[in-house]
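One structure below.
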2 protein chains.
Amino acid sequence: MNASGINNSVVKAFTLLEYFSGSKTQWGVREMARHLGVHESTTYRLMATLESLGVLYKNPENDKYALGLKLYDLGHRVKVFETLVQLSHPELQKLSDEIEETVHLGIWHKDEVLMIDKVEGEKGLRLNSRIGQSSPIHCTGLGKTLLAFREDCFVDILFGNGELEVYTPFTLSSKTMLQENLKLIRNQQFAIDRQEFELGLICVSVPVFNKDGEIIAALSAAGPSDRFKESHLNNYVSILKEGADRIKNKIGNFKAR
Amino acid sequence: MNASGINNSVVKAFTLLEYFSGSKTQWGVREMARHLGVHESTTYRLMATLESLGVLYKNPENDKYALGLKLYDLGHRVKVFETLVQLSHPELQKLSDEIEETVHLGIWHKDEVLMIDKVEGEKGLRLNSRIGQSSPIHCTGLGKTLLAFREDCFVDILFGNGELEVYTPFTLSSKTMLQENLKLIRNQQFAIDRQEFELGLICVSVPVFNKDGEIIAALSAAGPSDRFKESHLNNYVSILKEGADRIKNKIGNFKAR
DNA sequence: AATCATTGTTTCACATAATGAAACACAAGG
DNA sequence: CCTTGTGTTTCATTATGTGAAACAATGATT
């Protein structure tokens, strides 16, 4: 192997696999060799090897290769949440240290926000949130962030009947109000929840994108309203955004769902 | 590379990945090396390479490796139905040639039967089924087969309220009748639909298992009731079963869903 | 029909790059 | 404080993957 200890053949194999996408599902050997920048002979043997493993599938009609069932199988063994959490957790820790408040990581799951990780601040007054908990989309920082950066139609799917459950006097109670707020969130790239779900609880949230610009999760910092001064919020947001960027670099172009 | 043209490093990489399973999600380097029968040094470099690609993820707490998000990503790019169809299609062709009737391949999709492949018989009177069509579970041969070999709870999930939509006078209209029929199907390892969905249409169906014994799809032969004599059915069933076995050998331990 | 330009595939000499033994650094446990 | 485990690095050796060229088969163009 080369000096750095990286196995070149394995790297080649996976960069080859990366070329298969939704828009280009079939590749011939020489065609792939040109794009890969690897000799056609080598490329052929790589693809033949992958086919013998079931990782690629060779279409007997045109001798072109497509991704095979073995990859499907392996891909479904991955513990997604766990991995996402493990990659993000160190960042949550940093954010919580810096902001000195509780930081959450949430994803879209079954039309609610599922909190998949949390690092508590050191302060005495804490939240009673817990990992694994689901909360409504329309009245939480995480939820509104996740919704704001998805396709517009989700607002209709979720709130087509116009019913937004009200939790506090501050809850956005109409679809129009929510849509205005979502527009604001898209513009400023962060969401604020001012006691919309729970009285006395304020929360700022930013999106976590993958390298393809798709929203994967949302980060939030939350705390009691008398500690969460308006003057702090901008600072919190910029810190959270840096964290989201670092997570982006770790997860690459990971796709959720 | 070795004489056969197979790239050894790539084979090692994937046999290594195969060791990750639902029950054993984390592997240390030396531990893996022992099971693989590959030198620990080599194993380490393999795993380090895979980690740098995002295929493996190294847990910083215990230095053990788990499957990473890259695999998740790749796995979800696989056109599952297409591959399943491409592997099965030649067998469907053979079955149709032998039985001289239309043969279908169906899978469970969104609580219905999705017909993902079809080979028409040469006979004049044909069915108006088409690939991509979804049909009800409880009154089709494919559907009842798929249901019979899944966990019992699915009957309750689908028909918990006791409502079975009736299509013809022959449709099984109560949950109890359906459950009795499912028991019979499990016993004799095939299902018959005698005009339960469409008047004049008879259909025999057998399960397609993977090598782990999980049901992946169902095969059926269908035709008009005046051509589908009772005396033929047993013969059709045994032919279909052989086809299902050959498909099993092609798909290996492929897991659906 | 015949030519041309593709394709996937195989061969073979060559040098790169993967290999295994041993040593290293760091932990945890007795 | 030694022992035993771990992940990791080093280095000489040679197995192993590589690229140029040739082969066989296909489809399009002339």
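Note on naming: letters A, B, ... go to the chains in the order of the sequence lines (proteins, then strands), and numbering restarts at 1 for each one. When reading the values below, keep in mind they use all heavy atoms of this one structure, side chains included, and skip hydrogens, waters and symmetry mates.
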request  = Establish, from distance only, whether the side-chain atoms of A:R45 and A:S41 form a donor-acceptor pair under 3.5 Å.
outcome  = yes
Rounded to the Å, how far apart are [X] [atom1] and [N] [atom2]?
X: B:R34; N: C:dG20; atom1: CZ; atom2: P; value: 16 Å
X: B:K12; N: D:dA15; atom1: NZ; atom2: P; value: 14 Å
X: A:E51; N: C:dG8; atom1: CD; atom2: P; value: 13 Å
X: B:M32; N: D:dT6; atom1: CE; atom2: P; value: 14 Å
X: A:L36; N: D:dG19; atom1: CG; atom2: C1'; value: 15 Å
X: A:H39; N: D:dG19; atom1: NE2; atom2: P; value: 6 Å
X: A:L46; N: D:dT16; atom1: CG; atom2: P; value: 16 Å
X: A:N7; N: C:dG20; atom1: CG; atom2: P; value: 12 Å

task = Indicate yes or no for a side-chain donor-acceptor contact from A:S52 to the backbone of A:T49 under 3.5 Å, with no hydrogens or angles considered.
result = yes
query = Is B:K64 reaching over with its side chain to a backbone N or O of B:Q26, donor-acceptor style, under 3.5 angstrom?
reply = no
message = Between B:K94 and B:D97 (salt bridge meaning N to carboxylate O under 4.0 Å), is one present in this structure?
response = no
key: Residues A:D73 and A:R77 bridged, charged N to O under 4.0 Å   = yes
query = Which residue pairs pass the ring-ring contact (aromatic ring centres under 6.0 Å, His included) test with at least one member in residues 35-67 of chain A, sequence neighbours excluded?
reply = A:W27-A:H35
Considering only nitrogen or oxygen atoms on both sides, find all protein atoms under 3.5 Å from nucleotides 7-9 of chain D and state each distance.
from	atom 1	to	atom 2	distance (Å)
D:dG7	OP1	B:V29	N	2.6
D:dG7	OP2	B:R30	N	2.9
D:dG7	N7	B:R30	NH1	2.3
D:dG7	O6	B:R30	NH1	3.1
D:dT8	OP1	B:K58	NZ	2.5
D:dT8	OP2	B:Y65	OH	3.1
D:dT8	O5'	B:Y44	OH	3.1
D:dT9	OP2	B:Y44	OH	3.0

